[in-house]
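What follows is one structure encoded as structure tokens, with my remarks underneath.
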Amino acid sequence: MPEGHTIHRLAEDYAKAFRADSSLRVTSPQGKFSDAAALLDRTPLRTTDAHGKHLFLGFGDPGHPEWVHIHLGLFGKVTFGPAPAPPPTDTVRLRLASDTAYVDLRGPTTCALITEPEKRAIHDRLGPDPLRPDAEPERAYRRISRSRTTIAALLMDQKVIAGVGNVYRAEVLFRHGIDPYRAGRDLTRAEWDAIWDDLVVLMREGVRNNRIDTVRPEHTPEAMGRPPRVDDHGGEVYVYRRANLPCHICGSGIRTVDLAARNLFWCPGCQRA
DNA sequence: CGACAATGAAAAA
DNA sequence: TTTTCCTTGTCGC
């Protein structure tokens, strides 16, 4: 389940499992991607790429690259396993299978074969991604510093910054004591730089561990003598999905509200205007 | 077995 | 601002 760290991890995992493997079979058991799958069948995966929540699988020779563009949306899931691949269920949009491994993609918002220019156009409309080495955080600040929109909404806008989702949004604002309702243009450059640098660290850690942990060492369950979090998406967090529970730091009840069809979580004690 | 939620975003209105 | 798309797991009856 997908914020940017998941997608970058998938780019690594797809490459690790299948790159340059001439035994690669490409199918679409569900049927919605059959034509493209037939085209790619038995051609090696050349490279993978990720920008924000967009995943790209590169096929073909470098002069004429073809890309499978994948976006998981809210429900998309990817599962890896060793060969032999089990019979696919009828929801598998895309299966890659080699002599040694297989991977199934289910429920993506997007799974399409695109050209290099089309890929470039996607990069162009995305904001800087804390997980990409070429990212320019000033580009994000330029937009934020001119916007009357709340920082909570701006962090979710992929044109402003790519890869942050509902969990990282809530957690990074908490970690910096920032009221989610503050307007973007009221953020100082120093505040933005601190947020960005923090996201770089947190999301890299997310890629490494394949989960989101945002709690500082001094606030971990072990350090504070409280039971570890029990939650179906794993990861130790301060506010995400902790509605009405006491804040780990100040004890205030964590608040939640429906904002633009997503659940926003924050601590009214620690995050003041 | 239906209702509902879930780390998302584009299209329609 | 609302609707739509995509899938799966959980909860209550």
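Keep in mind that this is a model prediction, so the values were computed, not measured. Below, chain A is the first sequence line, B the second, and so on; all start at residue 1.
Contacts of residues 146-170 of chain A with DNA chain B (heavy atom under 4.0 Å): A:Met156, A:Gln158, A:Gly165, A:Asn166, A:Val167. Using a 4.0 Å cutoff on non-hydrogen atoms, the parts of residues 102-130 of chain A near DNA chain B are A:Thr109, A:Arg125, ordered by number. Taking every heavy atom of residues 195-206 of chain A and every atom of DNA chain B, no pair lies under 4.0 Å.
Atom CG in A:Leu74 sits roughly 13 Å away from atom C1' in C:dT4 (whole-Å rounding). Taking atom NE2 of residue A:His69 and atom C1' of nucleotide B:dA10, one finds them 12 Å apart after rounding to whole Å. In this structure, A:Phe33 places its CZ atom 16 Å from P of C:dC6, rounding to the nearest Å. Rounded to whole Å, the distance from CZ on A:Arg93 to C1' on C:dC6 is 7 Å. Distance NZ (A:Lys77) to P (B:dT7): 12 Å, rounded to an integer number of Å. Atom CG of A:Leu94 is separated from atom C1' of C:dT7 by 16 Å (rounded to the nearest Å). Between the CD1 atom of A:Ile7 and the P atom of B:dT7 there is a distance of 15 Å, given to the nearest Å. Between the C1' atom of B:dA10 and the CG atom of A:Leu72 lies a distance of 16 Å, rounded to the nearest Å.
Between A:Phe80 and A:Phe18, the ring planes are parallel. Angles under 30° get that label, and only those over 60° would be called perpendicular. Note: A:Tyr141 and A:Trp192 have parallel aromatic rings, judged against thresholds of 30 and 60 degrees for the angle between ring planes.
Under the stacking criterion of a centre-to-centre distance below 5.5 angstrom and an interplanar angle below 30°, A:Phe75 sits stacked against the six-membered ring of C:dT7.
A donor-acceptor pair shorter than 3.5 Å cannot be found between the side chains of A:Arg185 and A:Ser145. With no hydrogens or angles considered, a side-chain donor-acceptor pair links A:Glu118 and A:Thr115 at under 3.5 Å. Donor-acceptor pairing under 3.5 Å is lacking for the side chains of A:His54 and A:Asp49.
Under 4.0 Å is where a charged nitrogen must lie from a carboxylate oxygen, and between A:Arg272 and A:Asp179 no such pair does. Between A:Arg46 and A:Glu66 there is no salt bridge, since none of the side-chain N atoms of the basic residue sits less than 4.0 Å from a carboxylate O of the acidic one. The pair A:Arg19-A:Asp21 does not count as a salt bridge, with every side-chain nitrogen at least 4.0 angstrom from each carboxylate oxygen. Salt-bridge annotation for A:Arg9 and A:Asp13: present, with a side-chain N of the basic residue lying under 4.0 Å from a carboxylate O of the acidic one. Ion pairing between A:Glu116 and A:Lys119 fails under the 4.0 Å rule for side-chain N and carboxylate O.
Taking atom C1' on both nucleotides, C:dT1 is separated from B:dT7 by 23 Å, rounded to a whole Å. Comparing C:dT8 with B:dA10, their C1' atoms are spaced 22 Å from each other, to the whole Å. Atom name C1', nucleotides C:dG9 and B:dA9: the rounded distance is 23 Å, in whole Å.
Phosphate proximity of C:dC6 to A:Lys32: present, with a side-chain N or O under 4.0 Å from OP1 or OP2. At the phosphate of B:dT7, neither OP1 nor OP2 sits under 4.0 Å from any side-chain N or O atom of A:Lys53. Remark: A:Thr91 is not in phosphate contact with C:dC6, judged by side-chain N or O atoms under 4.0 Å from OP1 or OP2.
Not less than 6.0 angstrom separates the ring centroid of A:Phe56 from the ring centroid of A:His51.
Under the 3.5 Å distance criterion, the side-chain polar atoms of A:Gln271 are matched with a main-chain donor or acceptor of A:Ile178.
Taken together, the paired segments of DNA chain B that extend over three or more consecutive Watson-Crick or G-U pairs, each closer than 3.5 Å at both contacts, are B:1-6 with C:7-12, B:8-12 with C:1-5.
Partners of A:Asp41 under the salt bridge (Lys or Arg N to Asp or Glu O under 4.0 Å) rule, at least two apart in sequence or in another chain, are A:Arg25. Remark: A:Ala121 pairs with no residue by the side-chain contact (heavy atoms from CB on, under 4.5 Å) rule, at least two apart or across chains.
Heavy-atom neighbours of A:Arg216 CZ from other residues, nucleotides or ligands within 6.0 Å: above the threshold of 12.
When heavy atoms are screened at a 4.0 angstrom cut-off, A:Gln30 is found touching the sugar-phosphate backbone but no base atom.
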